[in-house]
Number of protein chains: 2
Amino acid sequence: MGVTIDQGSERVDRRTRRRQETIEEILDIAEAVMSEVGVNGLSLSEVARRLGVQPPSLYKYFPSLMAVYDALFRRGQVANLAVMRAAMEDAEPGLPTVVASLDAACTWALAHRALAQLMFWRPVPSFEPSAEAFAPSIEMVAIQRAALADAVALGQLGPGAATEEGVYAVSIITSGTLTQAMANEPDLPWREGRFSPLFPKLMALLPALYPPKKRRAG
Amino acid sequence: MGVTIDQGSERVDRRTRRRQETIEEILDIAEAVMSEVGVNGLSLSEVARRLGVQPPSLYKYFPSLMAVYDALFRRGQVANLAVMRAAMEDAEPGLPTVVASLDAACTWALAHRALAQLMFWRPVPSFEPSAEAFAPSIEMVAIQRAALADAVALGQLGPGAATEEGVYAVSIITSGTLTQAMANEPDLPWREGRFSPLFPKLMALLPALYPPKKRRAG
DNA sequence: GTCTATAGCCTGATAGAC
DNA sequence: GTCTATCAGGCTATAGAC
């Protein structure tokens with residue numbers, strides 16, 4: 001009996017793992033479809049075609065097309081947050097950390113344009129991300145603000161930078177660079193177009209926007 | 001005979017005018033549809049429904065859905081250019097002219113979000129604007145660059161501002177502010193959200209990005 | 001220029017057999 | 001969890017009568 005139960009448990013685990021792999025594969029294909037035909041061009045039929053199954057089978061994994069969008073949104077937020085965290089660890093504290101994390105986010109966004117559009121441009125009016133899918137974005141704002149607070153503590157920026165407004169300022173510079181790059185150079189990755197060189201130049205203006213009272217670190 | 005010909009001409013003129021009115025009405029409705037269901041949600045059937053005709057009738061005015069997109073794109077570019085020109089006339093020369101025109105463009109863009117998305121974000125991959133529809137955009141870059149050159153001549157900015165890069169810099173600040181405003185405050189007009197106050201602040205950094213050699217005008 | 005009718009596609013989603 | 005079959009609807013675009 002114990003053996004039988006163990007076999008049963010193993011079987012369940014294996015099935016759960018296999019199921020998760022299928023879910024990931026569906027999302028991979030969905031992202032590929034979006035990058036070819038646009039975020040709105042995603043269709044479950046096309047995903048099923050590429051996966052080699054019939055459309056109804058997908059409903060065993062996602063209850064609706066919007067659920068697929070939500071999973072893609074969440075996946076993108078998680079990946080973007082991870083990339084930014086990793087970049088932060090390798091950078092000097094304060095302002096360099098802010099710039100490095102946003103630079104990494106730009107690299108990621110241009111390598112995952114469709115996801116980035118879904119996340120930051122909301123081109124599907126009928127889709128609203130769930131609170132759970134949106135959570136990493138809130139976390140990202142928090143760590144941005146913490147990094148800006150470090151820059152203030154280090155005397156690199158004035159106190160106005162460690163506010164919501166400071167986060168908005170760096171967001172505007174980042175999303176502006178990305179918007180121009182994606183609209184005007186759809187095939188170039190980050191750092192290869194005419195717009196990415198302006199990103200560090202504009203970021204270097206932050207001390208002029210929030211001047212520190214005394215200058216310590218450069 | 002002469003009278004008959006004149007009557008014929010009048011009749012043709014009247015028909016031409018009436019036809020143009022219908023075309024404008026179709027574009028008005030198409031813009032309204034896009035603003036409700038997204039740029040990609042535009043369908044000729046829905047336009048026909050609201051116009052009170054059957055879908056095939058629209059093909060007497062536009063040969064295809066993409067032709068409607070192209071006319072909308074052109075219309076948006078023309079309107080945006082006109083708004084920017086008007087704002088320029090009322091502003092002091094040089095830097096204030098640059099800022100005033102882009103501020104006016106922001107007001108227009110948030111009042112015509114769907115058109116702005118179609119023009120600046122390209123959310124319909126299968127749609128490429130025609131050269132004719134794109135022409136006003138090229139003109140806009142030219143007048144921006146001329147205004148930046150004025151600012152350089154007036155000693156407000158260094159010579160680096162009167163370049164393609166200078167135009168990119170102001171474009172990034174503008175499109176970044178717009179992107180954040182549209183994604184995060186979908187219902188607020190320009191000047192009422194959390195992001196538009198940052199637009200003049202970031203624009204005020206331009207002299208720090210392109211420092212003039214001697215300071216004349218402030 | 002309007003209409004009806006229709007071709008020929010696509011889609012999301014469900015029911016039910018296996 | 002897979003399939004077939006199907007519902008119920010959408011769409012662009014064309015043909016042809018009036």
Side-chain angles (χ1 to χ4, degrees), chain A residues 8 10-27 29-30 32-34 36-73 114 118 123-128, chain B residues 8 10-27 29-30 32-34 36-73 114 118 123-128:
Chain A
E10 281 172 16
R11 210 179 291 139
V12 168
D13 287 348
R14 221 178 283 133
R15 280 182 187 164
T16 304
R17 186 158 35 82
R18 173 71 183 133
R19 181 183 169 81
Q20 194 55 40
E21 287 172 4
T22 304
I23 287 177
E24 295 300 326
E25 195 174 356
I26 289 171
L27 294 178
I29 294 172
V33 172
M34 284 197 303
E36 289 174 28
V37 296
V39 175
N40 287 272
L42 177 61
S43 82
L44 292 183
S45 304
E46 181 59 26
V47 173
R49 218 168 285 132
R50 300 192 188 195
L51 189 59
V53 301
Q54 293 300 317
S57 301
L58 297 179
Y59 286 84
K60 294 290 176 180
Y61 301 94
F62 293 97
S64 70
L65 173 63
M66 288 305 149
V68 176
Y69 274 126
D70 203 61
L72 288 167
F73 186 98
L118 177 66
V124 188
S126 56
F127 163 66
E128 276 292 315
Chain B
E10 281 173 16
R11 210 178 290 141
V12 167
D13 287 347
R14 221 178 283 134
R15 280 182 186 163
T16 304
R17 187 159 35 81
R18 171 71 182 135
R19 180 183 170 82
Q20 193 57 39
E21 288 171 3
T22 304
I23 286 177
E24 296 300 326
E25 195 174 357
I26 289 171
L27 294 179
I29 294 171
V33 172
M34 285 197 303
E36 289 175 28
V37 294
V39 175
N40 287 273
L42 176 62
S43 83
L44 293 182
S45 302
E46 180 59 26
V47 173
R49 219 168 286 132
R50 299 192 188 193
L51 188 59
V53 301
Q54 294 300 316
S57 301
L58 297 179
Y59 286 83
K60 294 291 176 180
Y61 300 95
F62 293 97
S64 71
L65 172 63
M66 288 304 150
V68 176
Y69 273 126
D70 203 60
L72 287 167
F73 187 99
L118 177 67
V124 188
S126 56
F127 163 65
E128 276 292 314

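Reckoned from all heavy atoms, side chains included, excluding hydrogens, waters and symmetry mates. Residue numbering restarts at 1 for every chain, and letters A, B, ... go by the order of the sequence lines. None of these values were measured; they are calculated from a predicted model.
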Take atom [atom1] of [X] and atom [atom2] of [N], then tell me their distance rounded to the nearest Å.
| X | N | atom1 | atom2 | answer |
| --- | --- | --- | --- | --- |
| B:Tyr61 | D:dT12 | OH | C1' | 19 Å |
| A:Arg14 | D:dG1 | CZ | P | 14 Å |
| B:Asn40 | D:dT12 | CG | C1' | 15 Å |
| A:Phe62 | C:dT11 | CZ | C1' | 19 Å |
| A:Arg15 | D:dG1 | CZ | P | 8 Å |
| B:Gln54 | D:dC11 | CD | P | 12 Å |
| A:Leu42 | C:dT11 | CG | P | 10 Å |
| B:Glu46 | D:dT12 | CD | C1' | 15 Å |

Do [X] and [Y] make a side-chain contact, defined as non-hydrogen atoms from C-beta onward lying under 4.5 Å apart?
| X | Y | result |
| --- | --- | --- |
| A:Met34 | A:Tyr69 | yes |
| B:Phe127 | B:Leu65 | no |
| A:Leu58 | A:Leu51 | yes |
| A:Val68 | A:Leu27 | yes |

Minimum heavy-atom separation for [X] and [Y], please, with both atom names.
| X | Y | answer |
| --- | --- | --- |
| A:Gly41 | A:Val33 | O-CG1, 4.4 Å |
| B:Glu128 | B:Asp70 | O-OD1, 4.2 Å |
| A:Gln54 | A:Ala48 | C-CB, 3.9 Å |
| A:Ile26 | A:Phe62 | CG2-CE1, 3.7 Å |

A:Ser45 side chain near C:dC10 phosphate (N/O to OP1/OP2, under 4.0 Å): no
Give a yes/no on whether any side-chain N or O of A:Arg49 is located under 4.0 angstrom from OP1 or OP2 of C:dT11.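 For A:Arg49, the contact criterion (side-chain N or O under 4.0 Å from OP1 or OP2 of C:dT11) is met.
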Going 5' to 3' through nucleotides 13-18 of chain C and flagging B where a protein heavy-atom sits under 4.0 Å of the base, S where only the sugar-phosphate is that close, and - otherwise, we get BB----
Residue A:Ser57, side-chain heavy atoms: nucleotide from D:dT12, C:dC3, D:dC3 that is nearest: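 In terms of side-chain proximity for A:Ser57, the closest of D:dT12, C:dC3, D:dC3 is D:dC3.
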In a check of side-chain hydrogen bond (donor to acceptor under 3.5 Å, both in side chains) between A:Gln20 and each of A:Arg17, A:Arg18, A:Glu24, which one passes?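 That would be A:Glu24; it is the only one of A:Arg17, A:Arg18, A:Glu24 passing the side-chain hydrogen bond (donor to acceptor under 3.5 Å, both in side chains) with A:Gln20.
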Using five base pairs at each end to define the local axes, how bent is the helix from C:dG1-D:dC18 to C:dC18-D:dG1, to the nearest 10°?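 The two end axes of the helix from C:dG1-D:dC18 to C:dC18-D:dG1 meet at 10°.
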